[in-house]
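What follows is one structure encoded as structure tokens, with my remarks underneath.
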Number of protein chains: 2
Amino acid sequence: MTTITTIEPPSKRAEIREAAAQLFRDKGYAATSMRDLAEAVGLKAPSIYNHFASKEEILRSICFDNAQRFLNGLSQIERMPGSAADKLRALIRLHILIATEDATSVIAINDEWRHLTEPYLSRFVAIRREYEQRFKAIVEQGVQCGKLRNVHPHIAVHTIFSSMRWLHDWYKPGKSITPTDIERDIEGILMEGLVCGE
Amino acid sequence: MTTITTIEPPSKRAEIREAAAQLFRDKGYAATSMRDLAEAVGLKAPSIYNHFASKEEILRSICFDNAQRFLNGLSQIERMPGSAADKLRALIRLHILIATEDATSVIAINDEWRHLTEPYLSRFVAIRREYEQRFKAIVEQGVQCGKLRNVHPHIAVHTIFSSMRWLHDWYKPGKSITPTDIERDIEGILMEGLVCGE
DNA sequence: CCTACCGATCGGTAGG
DNA sequence: CCTACCGATCGGTAGG
């Protein structure tokens with residue numbers, strides 16, 4: 001008699017990854033032990049190594065997949081027709097969307113990536129810098145054509161990135177303040193603050 | 001012959017604290033060992049315990065002193081005459097000032113406080129909540145009297161807090177972008193984004 | 001302020 | 001997937 005036991009193995013790796021992202025968010029990467037993680041998914045610590053080669057591979061998986069999501073969104077927005085202000089608005093929506101949909105993973109890309117070791121650390125920093133540069137190019141274009149106020153693009157970009165960095169910590173589905181409220185208010189503050197009035 | 005060796009002891013504790021804040025910023029509290037810290041100040045690990053009772057006492061000292069700086073600034077601003085918008089502007093300046101003057105300590109209050117243990121963790125969370133509530137009260141007042149746009153005060157407060165959270169990571173004296181630039185641009189973005197037009 | 005050292009816990013491996 | 005166990009490193013103490 002053959003028993004089918006190979007239906008769910010692809011999801012076990014994902015389950016561990018999700019639990020790890022949660023723990024990294026709550027306690028940080030360094031303070032999370034493989035025993036904590038094992039307990040969270042109902043295994044013993046050594047069994048984790050059947051799914052990931054090391055603790056760092058889990059962090060790596062979270063960081064690079066999440067970075068890809070931001071990069072894909074950015075690529076789509078770059079190809080979009082519309083003014084720099086339109087693109088900026090779309091970028092703000094992208095950040096809010098990812099922060100509310102994938103809150104546990106976002107913390108990793110924000111804070112825990114520094115625990116990556118070489119050569120992955122350098123690679124991650126390069127991806128991050130690339131994202132920042134391409135985001136900055138859109139702001140620069142908006143400033144040059146006079147659609148955006150005359151601010152340092154570097155300051156504008158980091159202010160935008162940062163201004164949504166509390167969402168993943170605070171947001172949980174079912175709050176009285178909805179994602180729609182969040183989007184309207186944050187988008188309002190940043191767009192009014194950046195786009196030229198007259 | 002008596003040698004005077006008691007001139008500088010009050011500064012050794014401060015030196016250790018400063019080095020610890022730097023390490024916590026770079027590697028995080030959990031990933032910083034007492035041996036790392038000892039090396040940074042030219043001691044052996046056990047000697048640190050002549051100045052602090054535990055690793056956590058160092059973190060505690062950084063977190064609570066820094067929190068006090070924010071609270072003192074807030075108290076002064078609350079007593080200030082002027083509209084809610086004036087007070088909001090002063091609060092934004094307070095955050096920029098502390099972030100550029102005391103960058104290494106600010107990281108602790110933002111990220112590493114979660115490694116405090118009870119009863120200090122609860123105390124710290126209470127202080128943080130109090131600060132947030134009093135900040136929010138100023139925003140609420142501005143919204144009610146029509147000086148500020150109709151945003152959720154909770155969203156506004158967190159957006160403001162967050163929007164300056166990159167400064168302590170990025171700012172170093174001697175950059176081509178000066179604290180004056182930073183203040184002008186960030187204040188511009190946030191005030192234009194929050195204050196009613198016309 | 002140091003050397004010597006403690007028990008606990010860490011990430012990870014061997015072997016089945 | 002587990003039990004058993006590894007060397008390394010942790011925060012901290014004893015004793016001088």
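Order of the sequence lines fixes the chain letters, A, B, ..., with proteins taken first and strands second; residue numbering starts at 1 for each chain. Side chains included, hydrogens not; waters and symmetry mates left out as well; all remaining heavy atoms used.
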DNA chain D in dot-bracket form (Watson-Crick or G-U pairs under 3.5 Å, [ ] crossing, | inter-strand) is ||||||||||||||||
Using ring-ring contact (aromatic ring centres under 6.0 Å, His included) as the criterion, list what pairs up with [X], not counting sequence neighbours.
X        : result
A:Phe24  : A:Tyr29
A:Trp166 : A:Trp170, B:His158
A:Phe70  : A:His95, A:Tyr131
A:Tyr171 : none

Please give me every residue in residues 27-44 of chain B whose heavy atoms get under 4.0 Å of an atom in DNA chain D, ordered by residue number.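 Result for residues 27-44 of chain B: B:Thr32, B:Ser33, B:Met34, B:Arg35, sorted by number.
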Exercise: do A:Asp181 and A:Thr178 side chains pair donor with acceptor under 3.5 Å: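 Distance-only check passes for A:Asp181 and A:Thr178.
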Do A:Asn72 and A:Gln76 have side-chain N/O donor and acceptor atoms under 3.5 Å apart?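 A:Asn72 vs A:Gln76: no donor-acceptor pair found between side chains.
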Check every nucleotide of DNA chain D for an atom under 4.0 Å from a heavy-atom of chain B, then give the first and the last such nucleotide from 5' to 3'.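 For DNA chain D, the relevant span reads D:dC10 to D:dT13.
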About how many Å separate CG of A:Leu23 and OG1 of A:Thr32, when rounded to the nearest 0.5 Å?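 Separation between the atoms: 5.0 Å.
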Residues of residues 115-125 of chain A with any non-hydrogen atom less than 4.0 angstrom from an atom of DNA chain C: list those, numerically ordered, please.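 Result for residues 115-125 of chain A: none.
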May I have the list of side-chain donor-acceptor pairs in residues 187-195 of chain A shorter than 3.5 Å, sequence neighbours left out?
unit_1: A:Glu187; atom_1: OE1; unit_2: A:Arg93; atom_2: NE; d: 2.8
unit_1: A:Glu187; atom_1: OE1; unit_2: A:Arg93; atom_2: NH2; d: 3.4
unit_1: A:Glu187; atom_1: OE2; unit_2: A:Arg89; atom_2: NH1; d: 2.6
unit_1: A:Glu187; atom_1: OE2; unit_2: A:Arg93; atom_2: NH2; d: 3.2
unit_1: A:Glu192; atom_1: OE1; unit_2: B:Arg149; atom_2: NH2; d: 3.4

Can you name the side-chain hydrogen bond (donor to acceptor under 3.5 Å, both in side chains) partners of B:Asp26, sequence neighbours left out?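 side-chain hydrogen bond (donor to acceptor under 3.5 Å, both in side chains) check on B:Asp26 returns nothing, list empty.
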Suppose we screen for side-chain hydrogen bond (donor to acceptor under 3.5 Å, both in side chains). Which residues come up paired with B:Arg134, at least two apart in sequence or across chains?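 Applying side-chain hydrogen bond (donor to acceptor under 3.5 Å, both in side chains) to B:Arg134 gives B:Ser75, B:Glu78, B:Glu130.
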Listing request: all salt bridge (charged side-chain N to carboxylate O under 4.0 Å, His left out) pairs with a residue in residues 106-115 of chain B, at least two apart in sequence or in separate chains.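 Only A:Glu112-B:Arg114, A:Arg114-B:Glu112, B:Asp111-B:Arg165 qualify under salt bridge (charged side-chain N to carboxylate O under 4.0 Å, His left out).
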N/O donor-acceptor pair under 3.5 Å between B:Arg13 side chain and B:His51 backbone: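 A pair under 3.5 Å: yes.
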